[in-house]
Undergrad: 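One structure, as structure tokens, below. Some questions next.
Residue numbers start at 1 and run along the sequence shown. Atom set for the values below is all heavy atoms of this structure, side chains included, hydrogens, waters and symmetry mates excluded.
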Amino acid sequence: MLVRDAMSTVILTVGPAHTLRQAAALMSARRVGAAVVLDPDAGGIGILTERDILNSVGLGQNPDTERAHAHTTTDVVFAAPTWTLEQAARTMAHGGFRHLVVLDRGEVAGIVSVRDIIRCWAPAREPAAAL
């Protein structure tokens, strides 16, 4: 199975000037753990994850004044839609992250998460047995 089979093509994007609270609200509303940050002034494509927001709040920073650009990972490891899920999983495990931005011909095509890969590998969840 390939990354293109597991990735989400509906991608949450935020700008570098979004506050962490704004980004968190958007991520929560869309039930996603990461947003792609598009910042042409800082090199293009970055990623902001729930962990980045959690780390900022844990340090006592104000989510109403902290901006996405200050917490964005810019040295992003990108996947291709033609990667296998095994290759994506190995890359995530090796890098210690849970999301990969998927590029196709230099454009953001999707995002794949550990959860997406698990959904492909694990059988559908069966209803819990009544006790």
Side-chain angles (χ1 to χ4, degrees):
M1 189 168 276
L2 302 177
V3 165
R4 76 166 55 103
D5 302 318
M7 71 183 190
S8 174
T9 56
V10 178
I11 307 148
L12 174 61
T13 59
V14 298
H18 276 84
T19 66
L20 292 186
R21 184 173 307 280
Q22 290 170 325
L26 291 168
M27 290 164 66
S28 178
R30 300 225 172 99
R31 299 179 52 90
V32 297
V36 173
V37 181
L38 299 178
D39 188 356
D41 295 333
I45 302 168
I47 190 166
L48 179 71
T49 68
E50 58 196 359
R51 182 165 295 162
D52 297 324
I53 296 169
L54 180 66
N55 287 340
S56 174
V57 171
L59 290 171
Q61 297 173 335
N62 185 342
D64 292 314
T65 58
E66 288 294 312
R67 302 293 172 176
H69 70 84
H71 301 278
T72 298
T73 300
T74 55
D75 59 341
V76 178
V77 176
F78 298 103
T82 55
W83 279 17
T84 65
L85 292 185
E86 290 82 3
Q87 186 176 5
R90 265 194 315 274
T91 300
M92 288 182 201
H94 178 73
F97 43 81
R98 298 178 298 177
H99 299 87
L100 282 169
V101 176
V102 182
L103 290 186
D104 190 11
R105 298 182 192 128
E107 298 292 322
V108 177
I111 194 163
V112 65
S113 69
V114 169
R115 182 175 292 164
D116 296 327
I117 293 171
I118 290 170
R119 282 186 186 132
C120 289
W121 286 347
R125 186 174 12 164
E126 295 181 19
L131 297 176

Undergrad: So which atom in Ala89 and which in Trp121 form the shortest heavy-atom distance, rounded to 0.1 Å?
TA: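 Minimum heavy-atom contact is CB-CH2, 3.7 Å.
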Undergrad: Honestly curious: do Leu38 and Leu26 fall in one hydrophobic cluster under the side-chain, below-4.5 Å linking rule?
TA: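 Leu38 does not cluster with Leu26.
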Undergrad: When you measure from the side chain of Arg67 to the backbone N and O of Ala17, does any donor-acceptor pair fall under 3.5 Å?
TA: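 At least one qualifying donor-acceptor pair exists.
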Undergrad: Among residues at least two apart in sequence or on other chains, which ones pass side chain to side chain contact (heavy atoms under 4.5 Å, CB included) with Asn55?
TA: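 Checked Asn55 against side chain to side chain contact (heavy atoms under 4.5 Å, CB included); matches are Arg51.
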Undergrad: Do Val101 and Val37 belong to the same hydrophobic cluster, where Ile, Leu, Val, Met, Phe, Trp and Tyr are linked whenever their side-chain heavy atoms lie under 4.5 Å apart, directly or via other members?
TA: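 The answer is no; the residues belong to distinct hydrophobic clusters.
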Undergrad: If the condition is salt bridge (charged side-chain N to carboxylate O under 4.0 Å, His left out), which residues does Asp75 pass it with, not counting sequence neighbours?
TA: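 Result, salt bridge (charged side-chain N to carboxylate O under 4.0 Å, His left out) vs Asp75: none returned.
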Undergrad: Can you tell me how far apart OG1 (Thr74) and CD1 (Ile45) are? Round to the nearest 0.5 Å.
TA: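 One finds 12.0 Å between OG1 of Thr74 and CD1 of Ile45.
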Undergrad: Hey, does Arg4 have a side-chain heavy atom less than 4.5 Å from the side chain of Asp104?
TA: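 In short, these two side chains do not touch, never coming nearer than 4.5 Å.
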Undergrad: Rounded to the nearest 0.5 Å, what's the gap from OG1 on Thr19 to CD on Glu66? Could you check?
TA: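 Nearest 0.5 Å value for the OG1-CD distance: 10.0 Å.
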Undergrad: Measuring from His99:NE2 to Ser8:OG, what's the distance to the nearest 0.5 Å?
TA: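 The distance works out to 10.0 Å.
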Undergrad: Side chains of Cys120 and Leu85: closer than 4.5 Å at any heavy-atom pair?
TA: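 SC-SC contact between Cys120 and Leu85 confirmed.
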Undergrad: Could you walk me through whether Met92 and Val112 pass the side chain to side chain contact (heavy atoms under 4.5 Å, CB included) test, one step at a time?
TA: CA-CA 10 Å; Met92 288 182 201; Val112 65; 4.0 Å; yes
Undergrad: Quick check: is Val76 connected to Leu103 through a chain of hydrophobic side chains (ILVMFWY, heavy atoms under 4.5 Å apart)?
TA: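 Yes, because Leu103 and Val76 connect within a single hydrophobic cluster, where side-chain heavy atoms sit under 4.5 Å apart.
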Undergrad: Starting at CG of Leu59, measure out to CG of Leu54 and round the result to the nearest 0.5 Å.
TA: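 Going from CG on Leu59 over to CG on Leu54, the span is 9.5 Å.
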Undergrad: Using side-chain heavy atoms (C-beta onward) and a distance below 4.5 Å, is Phe97 in contact with Thr91?
TA: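 With C-beta onward as the side chain, the pair touches.
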Undergrad: Check for a donor-acceptor pair, side chain of Thr49 on one end and backbone N or O of Asp52 on the other, with a separation under 3.5 Å.
TA: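 Yes, Thr49 side chain to Asp52 backbone: donor-acceptor pair under 3.5 Å.
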Undergrad: Is there a path of hydrophobic side-chain contacts, each under 4.5 Å between heavy atoms, that joins Phe78 and Val36?
TA: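 Linked within one cluster.
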Undergrad: Find out whether Leu2 and Thr84 are in side-chain contact, i.e. whether some heavy atom of one side chain is under 4.5 Å from a heavy atom of the other.
TA: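 When only atoms from C-beta onward are counted, Thr84 and Leu2 do touch, with a gap below 4.5 Å.
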Undergrad: Only one of Leu100, Asp116, Ile47, Val10 forms a side chain to side chain contact (heavy atoms under 4.5 Å, CB included) with Ile111, so which one is it?
TA: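 Among Leu100, Asp116, Ile47, Val10, the one meeting side chain to side chain contact (heavy atoms under 4.5 Å, CB included) with Ile111 is Ile47.
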Undergrad: CZ/Arg21 to OG/Ser28 distance, rounded to the nearest 0.5 angstrom?
TA: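 Going from CZ on Arg21 over to OG on Ser28, the span is 11.5 Å.
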Undergrad: Taking side chain to side chain contact (heavy atoms under 4.5 Å, CB included) as the test, write out the residues that go with Thr9, two or more places apart.
TA: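 Listed in chain order: Met7.
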Undergrad: Val108, Leu48: one ILVMFWY side-chain cluster at the under-4.5 Å cut-off?
TA: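 Different clusters.
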Undergrad: Mind checking the CE-CD1 spacing from Met27 to Ile53? Nearest 0.5 Å is all I need.
TA: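 Rounded to the nearest 0.5 Å, the CE-CD1 separation comes out at 4.5 Å.
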Undergrad: Do Asp39 and Thr72 pass the side chain to side chain contact (heavy atoms under 4.5 Å, CB included) test, and can you show the C-alpha distance, the side-chain angles, and the key distance before you say yes or no?
TA: CA-CA 10 Å; Asp39 188 356; Thr72 298; over 6 Å; no
